[in-house]
Amino acid sequence: MPRTLLYNAGVVTMDAQRRQFNNGAVLVEGDRIAAVGRSSDLLAHVASQPATETAIVDLRGRWILPGLINTHVHTSQQLGRGLGDDVSLLTWLFERIWPYESNMTEEDSYVSTLLCGLEQIRSGVTCFAEPGGQFVDGMGRATMELGLRGILARSTMDMGEGLPDTWHESTQETLDIQVANFERWHGKAGGRIRAWFGLRTIFNNSDDLILKTKALADRHGVGVHMHVAEIEEEVRFAEETRGATTVTHLRDLGVLDHNFLAVHSVWLTDAEVGMFAEHDVKVSHNPAAAMRVLGFAKVPEMLAAGVCVALGTDGAPSNNRMTLIDEMWLASLIHKGRTLDPTVVPAQGVLAMVTCDAARALLWEDEIGSLEVGKKADLTVIDPDSPAMLPLHDPIANMVNAMHAHNVASVMVDGRWLMRDRQILAVNEQEIIEEAKARAAAIARRAGIEMPSRFNVVS
């Protein structure tokens, strides 16, 4: 079993005691963490076992974090980056995103996920939750090749106005496809890949589909990933068609539960925040996407009520930056501005939203989210030696408020380096970039999407 000792580093464990070692070390054996502690102690431990070959890596003052976890990212939308800027929500949806997504092939989805995965790795992400495109097989193939840990789901819809013709499916058809995806992908890649059940929005999901999807998730011991209370129009739609706002209606259906991941959740009443807490619903907060058009989620109120809140990037057409590090900074900043309270959503809490709390949101806290003995060797190495991140008067605050993607030096998943000293090892990065450029242009042509020029272009 291969063994690696990473030492002479700051180590932020994110364990229950929130231990931090300013000169610490992590010992990896196979795909698991074998020890975490002071550098001197672990070096002595390794020296006492000369018969066991160990790769010893001096990190020279870098920092080791648990691998970051992105709880909501549309990997299949990566090739649509830039299609949705500075337009209304209806234009974004009906004239840009649905035409784009409905003209994708499985191979497009595969390449899109590869490109998105590269951005995830370069920004320190080791695990992500995909809320669904149409081609889980494409997403799954890419995730296997990248070496990432991921939860896959299909964007599931059985109703709604304006859907592309190819997306019209009966309730039973959507359920059958989800079950087939689950059977094909859950537990693949040595357990790195899990499959969940997805619901798009209450605009596109009948009550019958919602109830049967939740029943399937319960039966298979996994979660439900759904956009919930995303925009004010959605809440009004739910009131008009279901007789209650989105969250209250879901509560009345009996689907709010510990394995229900609610994304965005911007338009909640105070009572509905309490419903989330009562039923242990998990929330994926996507600050950049929310700021763009959705509004400001009641994150401080959720945290005060005991709701598990994690962070996500959303998709490239919603955010443009699929960089969870940027979301940390925004999450810390915007809620201070909304509440005029500089103490809310502090740095240590934000770091939890992308590590231990994110793992809990994805029902994976037994294996990932913190650096502890026996857990998976998923970790990120940070190099703070840059003008933008130094000095480190408060290292934790700097990781949230001053860190950038270029500070990510190395990324490990299951004890395997996906990026080492800023070099991608798992796949050919340049080949993926070239293929992605060609496919993105081809999808836009097929979809008939013509982007207006913002300036007078001189050819």
Side-chain angles (χ1 to χ4, degrees), residues 72 74 77 84 87-102 131-134 153-171 173-175 178 197-214 224-257 260-276 279 281-286 289-298 301-302 312 314-315 317-318:
H72 182 76
H74 290 268
Q77 291 183 357
V87 296
S88 71
L89 184 63
L90 293 181
T91 299
W92 183 91
L93 187 63
F94 292 113
E95 297 181 24
R96 304 285 175 83
I97 302 309
W98 280 2
Y100 160 82
E101 284 192 282
S102 62
Q134 298 303 304
R154 184 173 187 260
S155 180
T156 307
M157 298 170 280
D158 67 343
M159 58 173 280
E161 296 182 4
L163 291 179
D165 291 341
T166 56
W167 288 1
H168 287 280
E169 295 170 344
S170 69
T171 302
E173 284 173 330
T174 69
L175 295 169
Q178 290 198 86
F197 292 86
L199 293 165
R200 190 79 174 213
T201 74
I202 204 167
F203 283 121
N204 311 114
N205 298 146
S206 68
D207 287 354
D208 190 32
L209 177 61
I210 294 170
L211 287 166
K212 289 178 177 176
T213 296
K214 177 60 165 62
V224 175
H225 196 150
M226 182 180 185
H227 301 76
V228 174
E230 187 172 6
I231 58 175
E232 188 175 17
E233 291 86 345
E234 176 199 321
V235 173
R236 301 288 83 81
F237 171 84
E239 286 181 316
E240 293 168 5
T241 61
R242 316 292 172 92
T245 58
T246 305
V247 171
T248 299
H249 181 65
L250 293 173
R251 190 276 311 270
D252 293 343
L253 286 178
V255 298
L256 296 186
D257 204 348
F260 195 97
L261 178 63
V263 182
H264 301 307
S265 301
V266 172
W267 293 89
L268 270 62
T269 66
D270 290 340
E272 288 171 338
V273 170
M275 292 176 197
F276 273 14
H279 296 282
V281 172
K282 312 307 191 298
V283 171
S284 177
H285 173 43
N286 297 206
M291 287 174 65
R292 193 173 203 179
V293 70
L294 307 181
F296 296 92
K298 295 182 176 180
E301 293 89 338
M302 292 184 200
D314 210 351
S318 303

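Computed over heavy atoms, backbone and side chain alike; hydrogens, waters and symmetry mates excluded.
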Chemist: Got a donor-acceptor contact below 3.5 angstrom from the W167 side chain to the Q134 backbone?
Modeler: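 A pair under 3.5 Å: no.
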Chemist: So does P99 get a backbone contact from the side chain of S102, meaning a donor-acceptor N/O pair under 3.5 Å?
Modeler: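 At least one qualifying donor-acceptor pair exists.
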Chemist: Do H264 and D314 pass the side chain to side chain contact (heavy atoms under 4.5 Å, CB included) test, and can you show the C-alpha distance, the side-chain angles, and the key distance before you say yes or no?
Modeler: CA-CA 9 Å; H264 301 307; D314 210 351; 3.2 Å; yes
Chemist: Out of curiosity, Q178 CD to T174 OG1, how far, rounded to the nearest 0.5 Å?
Modeler: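 The OG1 atom of T174 is 6.0 Å from CD of Q178, to the nearest 0.5 Å.
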Chemist: Using every non-hydrogen atom in the two residues, find where A229 and L268 come nearest and quote the distance to one decimal.
Modeler: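 Nearest heavy atoms, A229 then L268: CB-CD1, 3.6 Å.
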Chemist: Is it the case that the side chain of S155 and the backbone of R200 share a donor-acceptor pair, with hydrogens and angles ignored and the cut-off at 3.5 Å?
Modeler: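 No: the side chain of S155 does not pair with the backbone of R200.
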Chemist: Are any non-hydrogen side-chain atoms of K212 and L175 less than 4.5 angstrom apart?
Modeler: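 Yes. Closest side-chain heavy atoms under 4.5 Å.
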Chemist: Hey, does I231 have a side-chain heavy atom less than 4.5 Å from the side chain of F203?
Modeler: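 Answer yes - side chains close enough.
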Chemist: Indicate the atoms forming the closest heavy-atom contact of M159 with L163, along with that distance.
Modeler: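 Of all heavy-atom pairs spanning M159 and L163, the closest is O-CD1, 3.3 Å.
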Chemist: Hey, could you give me the CG/OG1 distance between L209 and T156, rounded to the nearest 0.5 Å?
Modeler: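 Rounded to the nearest 0.5 Å, the CG-OG1 separation comes to 6.5 Å.
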Chemist: So, do L261 and V224 sit near enough that their side-chain heavy atoms are less than 4.5 Å apart?
Modeler: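 A side-chain contact under 4.5 Å is absent here.
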Chemist: For the atom pair CG (N205) and CG (L211), what is the distance rounded to the nearest 0.5 Å?
Modeler: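 Reported to 0.5 Å precision, the distance equals 11.0 Å.
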Chemist: What are the two closest non-hydrogen atoms of W267 and L294, and how far apart are they?
Modeler: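 Closest pair (atom of W267, atom of L294, distance): NE1-O, 2.9 Å.
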Chemist: Just by distance, with hydrogens left out, do N286 and S284 show a side-chain donor and acceptor under 3.5 Å apart?
Modeler: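 Result is yes, a qualifying pair exists.
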Chemist: Using every non-hydrogen atom in the two residues, find where H225 and P131 come nearest and quote the distance to one decimal.
Modeler: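 Heavy-atom minimum between the residues: NE2-CB, 3.6 Å.
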Chemist: Side chain to side chain contact (heavy atoms under 4.5 Å, CB included) for V266 and F296? Distances and angles first, verdict last.
Modeler: CA-CA 6 Å; V266 172; F296 296 92; 5.8 Å; no
Chemist: So which heavy atom on R251 is nearest to which on L256, and how close?
Modeler: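 It is CB-CD1, 3.6 Å.
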Chemist: Is a donor from one side chain sitting under 3.5 angstrom from an acceptor on the other, for T171 and D158?
Modeler: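 On atom types as modelled, these side chains qualify, holding a pair under 3.5 Å.
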Chemist: Tell me the closest heavy-atom pair linking V255 and K214, and the distance in Å.
Modeler: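 Scanning both residues, the minimum pair turns out to be O-CE, 3.3 Å.
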Chemist: Rounded to the nearest 0.5 Å, what's the gap from CD1 on I202 to OG1 on T245? Could you check?
Modeler: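 So the gap between those two atoms works out to 9.0 Å.
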Chemist: With distance as the sole criterion, is a donor-acceptor pair present between the side chains of H72 and H285 under 3.5 Å?
Modeler: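 No, no side-chain donor-acceptor contact under 3.5 Å.
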Chemist: So, T248 side chain and A244 main chain: donor-acceptor pair closer than 3.5 Å or not?
Modeler: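 Side chain of T248 to backbone of A244, a donor-acceptor pair under 3.5 Å: no, none is there.
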Chemist: Start with the C-alpha distance between R154 and E169, add both sets of side-chain angles, then the distance that settles salt bridge (Lys or Arg N to Asp or Glu O under 4.0 Å), and finish with yes or no.
Modeler: CA-CA 13 Å; R154 184 173 187 260; E169 295 170 344; 2.7 Å; yes
Chemist: About how many Å separate CG of D165 and NE2 of H168, when rounded to the nearest 0.5 Å?
Modeler: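 Here the interatomic distance stands at 5.0 Å.
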Chemist: Would you say E240's side chain and F237's backbone share a donor-acceptor pair under 3.5 angstrom?
Modeler: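 Side chain of E240 to backbone of F237: no pair is present.
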Chemist: Say whether, by atom type as modelled, one donor and one acceptor occur between the side chain of E101 and the main chain of W98 under 3.5 angstrom.
Modeler: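 Checking the backbone N and O of W98 against the side chain of E101, no donor-acceptor pair under 3.5 Å is found.
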Chemist: Could you go through M226 and I210, starting from their C-alpha distance and side-chain angles, then the distance that decides it, and tell me whether this counts as side chain to side chain contact (heavy atoms under 4.5 Å, CB included)?
Modeler: CA-CA 10 Å; M226 182 180 185; I210 294 170; 4.3 Å; yes
Chemist: Under a 4.0 Å threshold between the charged nitrogen and the carboxylate oxygen, would R236 count as salt-bridged to E239?
Modeler: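 Judged by the 4.0 Å cut-off on N to carboxylate O distance, E239 and R236 do form a salt bridge.
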Chemist: Keeping the roles fixed (side chain from E230, backbone from V263), state whether a donor-acceptor pair exists under 3.5 Å.
Modeler: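 Side chain of E230 to backbone of V263: no pair is present.
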Chemist: Going from CZ on F197 to OG1 on T213, what distance comes out if it is rounded to the nearest 0.5 angstrom?
Modeler: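 OG1 of T213 is found 8.0 Å from CZ of F197.
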Chemist: Would D252 and R242 pass as an ion pair if we require N to O under 4.0 Å?
Modeler: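 Salt bridge between D252 and R242, a charged N being under 4.0 Å from a carboxylate O: no.
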Chemist: Kindly say whether the aromatic ring centers of H227 and H74 come within a distance under 6.0 Å.
Modeler: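 They qualify: ring centres under 6.0 Å apart.
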Chemist: For E234 and T201, which I'm curious about, is there any donor-acceptor pair between the side chains at under 3.5 Å?
Modeler: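 T201 and E234 do not have a side-chain donor-acceptor pair below 3.5 Å.
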